[in-house]
**Q** 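Got a structure here, written out as structure tokens. Questions coming.
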Amino acid sequence: MPETPVSDATGVKKCQAKTKAKVRYLRRKKARRSARKAAAPKTKDAPGSESPQEDEEEDVSDAQSMQDEDKGKETQEEVVDSHRKKKRKLSGKDEIGHEEHSIPQTENSSIPVDSKLPSQGSLPSFPEPSAPNAPSKSVLAMQGIDRALVHAEIVDPAAVLPISPLGVDEQTKLSERTRKRLLELGITELFAVQTSLLPFLISQSSGASSLYPTYSSPRDACVSAPTGSGKTLAYVLPIIEVLSSRIITRLRALVVLPTRDLVTQVRETFKAIGKGRGLKIGTVTGQHSFSHEQSQLVGESSTPLKGGTSKMDILICTPGRLMDHLNGTPNFTLQHLRFLVIDEADRLLAQSFHDWLAQVLVACDPRRHWGDNLPVSSPWNDSTLVPTYDSVSPALLQAYLGCRTDVGEVKESSCQKLLFSATYTRDPGKLASLGLRDPKYFIVQDQSEGQPAGSLDLTSERFTMPANLMEHMIICEPSVKPLMLLHLIHNRSIRNALVFTKSSESTSRLVRLIEFFQEASTECERVVLRAYSSDLSASERRNILEKFKAQDIHILVCSDLISRGLDISHVSHVVSYDAPVDIRKYVHRVGRTARAGRTGEAWTLVEEQEARYFKGMLREYSHLERIKRLKVTQKDTESLRPSYQIALQQLKEAYAR
Ligand SMILES: Nc1ncnc2c1ncn2[C@@H]1O[C@H](COP(=O)(O)OP(=O)(O)OP(=O)(O)O)[C@@H](O)[C@H]1O
């Protein structure tokens, strides 16, 4: 048996010692063997053979005697070495695996090496890799959502409240005077959005501090209610009610709307409700010259005043023109605002207009942006002394004059932001940009199926439509769309209708085609229709709208310019000649009818290749089942076809010229 080479010095000596012992052992073994041979009887089948058992026993005893001889000579390392060899022998093939689990053995270790080594079969199994459970739909829907939205007040659209002319109205907090005015205007009950919003807005402003509760600034509000549900009155009434107690005229309410037409419409409502209250209501939309608007806003005074000046209590405007005055009209200030209303909020928040929203927010409350130390470069800070008659907003007293008032409390701006829309955005980014103060959400909507009463379904967005609106769609080839419209006008007698197209260009083309048709047809009743789009001047548009309101025009073919907010009570039909590609646009278009509890019908002409998308869009908002499909056969339009062909030919020639 060859010696295992040992590299160190002690190992060399050890080998030599072992060799002597081995020589002695071999000598004795030889002697024993020859003695046995001599003594043993001879067998034929195993001549000279030794029993293996015997041989093994002999080896063990020899090894024992050899060990005895060497007793004390072996080093610790040899013991460990033998353990290792033994271990390797026992562990067999899977050396690598065992190495990982082996426990280092020391000389004095009482634990047998083998007992600590797991056998191949008992290797600890690692857990299978697995994906974490997917978050539920409701958890996902909550991601980044404004917490206030989760606690929104859900209002039943059917909740109306009769107006009583006398006594104290504990529920709405409306004064007797305002209630009488409402009754004079034929308004006998308050709609759902008004009943829930009025107490919230008016009760926060009760008493002497109604204009300026600087120590407890009011909460902001976001309101989502269906089209035609009375959102305008929901902010006009509290503004009139609260501002009626003002003593000095300051700009206290600012209402921002996306179009001039809406500005005009909302001004009419303010004037009607605020009649006799002495409040000054104005508009800036760019319809008049800039200098004219400036003199209406701030008068002729040229002395710069930190507190600004105003000839209006309530200003209604478009964002673009508001920016012009903020940057170009001296003494025009928003520091005294008590109400900032953003109507059609989702649309306005989507528009940048030179970052109008950020500028308005800073103008309302420069402290919020700059703190009490306005930088010299800020437009609110200059070296001009504050004249004694100047009226700086309490929230800015410290910033401008370095003085704290009363008991040294820092005063907050009391501007209350109110956001309104029929299709309110849930976009957390957009809402965050508003810096709302403890906002409260009011959502007027039907309870969705399977949803607990009074709670908002955050997993799927949907919009509540006016209760008395009937919706239809006609799926047809693009080439027969004009024929379908003619079918609605002449066979189904659609009048007092708004027909929406995708552009001003298609608006005027469609009007011409229908006019050619009417000229060619001898049987059909003539309807008066006009195009209404941004191609027209403001005065032309106003003129046309007046005639439509007076029912001198039966059908207005328009672009989406008037798809939002426009309130014309007698509109009984809305036709989307070009199907909208966005659900919000659909909601606002069809919402021009069936307003304030009236009935109305909406029709959408869907081209065959658009049908899948259109239906998918409605399905996504759980609205498809509400829209009935109307099938128009060849026979239905047969009588119209000859004149239609003539009209088409004439249109081709007109556009070829
Ligand atoms: N309490 C009420 N009683 C009767 N009519 C009302 C009442 N409140 C509002 N109205 C009328 O309902 C109509 C629709 O109101 P409004 O224009 O405010 O709707 P809206 O909710 O702003 O709709 P949209 O989202 O389309 O702008 C208006 O003609 C308004 O005068």
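Indexing begins at 1, ligand by ligand and atom by atom, following the structure's order.
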**Q** Knowing that exactly one of L198, T178, I202, V168 qualifies, which makes a side chain to side chain contact (heavy atoms under 4.5 Å, CB included) with K173?
**A** I202
**Q** Report the C-alpha separation of E241 and S175 in whole Å, then their side-chain angles, then the decisive distance to 0.1 Å, and conclude whether the side-chain hydrogen bond (donor to acceptor under 3.5 Å, both in side chains) test is met.
**A** CA-CA 7 Å; E241 195 74 281; S175 66; 2.8 Å; yes
**Q** Looking at residues at least two apart in the chain, or sitting in another chain, which of them share a ring pair (Phe, Tyr, Trp, His ring centres under 6.0 Å) with Y621?
**A** F463
**Q** I'd like the atom pairs linking ligand 1 to the protein - N or O on both sides, separation under 3.5 Å - with distances to 0.1 Å.
**A**
from: ligand 1; atom 1: 1 (N); to: E189; atom 2: O; distance (Å): 2.7
from: ligand 1; atom 1: 1 (N); to: Q194; atom 2: OE1; distance (Å): 3.1
from: ligand 1; atom 1: 8 (N); to: Q194; atom 2: NE2; distance (Å): 2.9
from: ligand 1; atom 1: 17 (O); to: R595; atom 2: NH2; distance (Å): 3.0
from: ligand 1; atom 1: 18 (O); to: K231; atom 2: N; distance (Å): 3.3
from: ligand 1; atom 1: 18 (O); to: T232; atom 2: N; distance (Å): 3.0
from: ligand 1; atom 1: 18 (O); to: T232; atom 2: OG1; distance (Å): 2.7
from: ligand 1; atom 1: 19 (O); to: G230; atom 2: N; distance (Å): 3.4
from: ligand 1; atom 1: 19 (O); to: R595; atom 2: NH2; distance (Å): 3.3
from: ligand 1; atom 1: 21 (O); to: S229; atom 2: N; distance (Å): 3.1
from: ligand 1; atom 1: 21 (O); to: G230; atom 2: N; distance (Å): 3.2
from: ligand 1; atom 1: 21 (O); to: K231; atom 2: N; distance (Å): 3.1
from: ligand 1; atom 1: 21 (O); to: K231; atom 2: NZ; distance (Å): 2.9
from: ligand 1; atom 1: 22 (O); to: T232; atom 2: OG1; distance (Å): 3.4
from: ligand 1; atom 1: 23 (O); to: G228; atom 2: N; distance (Å): 2.8
from: ligand 1; atom 1: 23 (O); to: R595; atom 2: NH2; distance (Å): 3.1
from: ligand 1; atom 1: 25 (O); to: K231; atom 2: NZ; distance (Å): 2.7
from: ligand 1; atom 1: 26 (O); to: R592; atom 2: NH1; distance (Å): 3.1
from: ligand 1; atom 1: 26 (O); to: R592; atom 2: NH2; distance (Å): 2.8
from: ligand 1; atom 1: 26 (O); to: R595; atom 2: NH1; distance (Å): 2.8
from: ligand 1; atom 1: 26 (O); to: R595; atom 2: NH2; distance (Å): 3.3
from: ligand 1; atom 1: 27 (O); to: E344; atom 2: OE2; distance (Å): 3.4
from: ligand 1; atom 1: 29 (O); to: D567; atom 2: OD1; distance (Å): 3.3
from: ligand 1; atom 1: 29 (O); to: D567; atom 2: OD2; distance (Å): 2.5

**Q** Does a side-chain heavy-atom distance below 4.5 Å link R612 with F614?
**A** no
**Q** Tell me, please, which residues at least two apart from R564 pass side-chain hydrogen bond (donor to acceptor under 3.5 Å, both in side chains).
**A** E344, D346, H588
**Q** What residues form a ring pair (Phe, Tyr, Trp, His ring centres under 6.0 Å) with F442, not counting sequence neighbours?
**A** F200
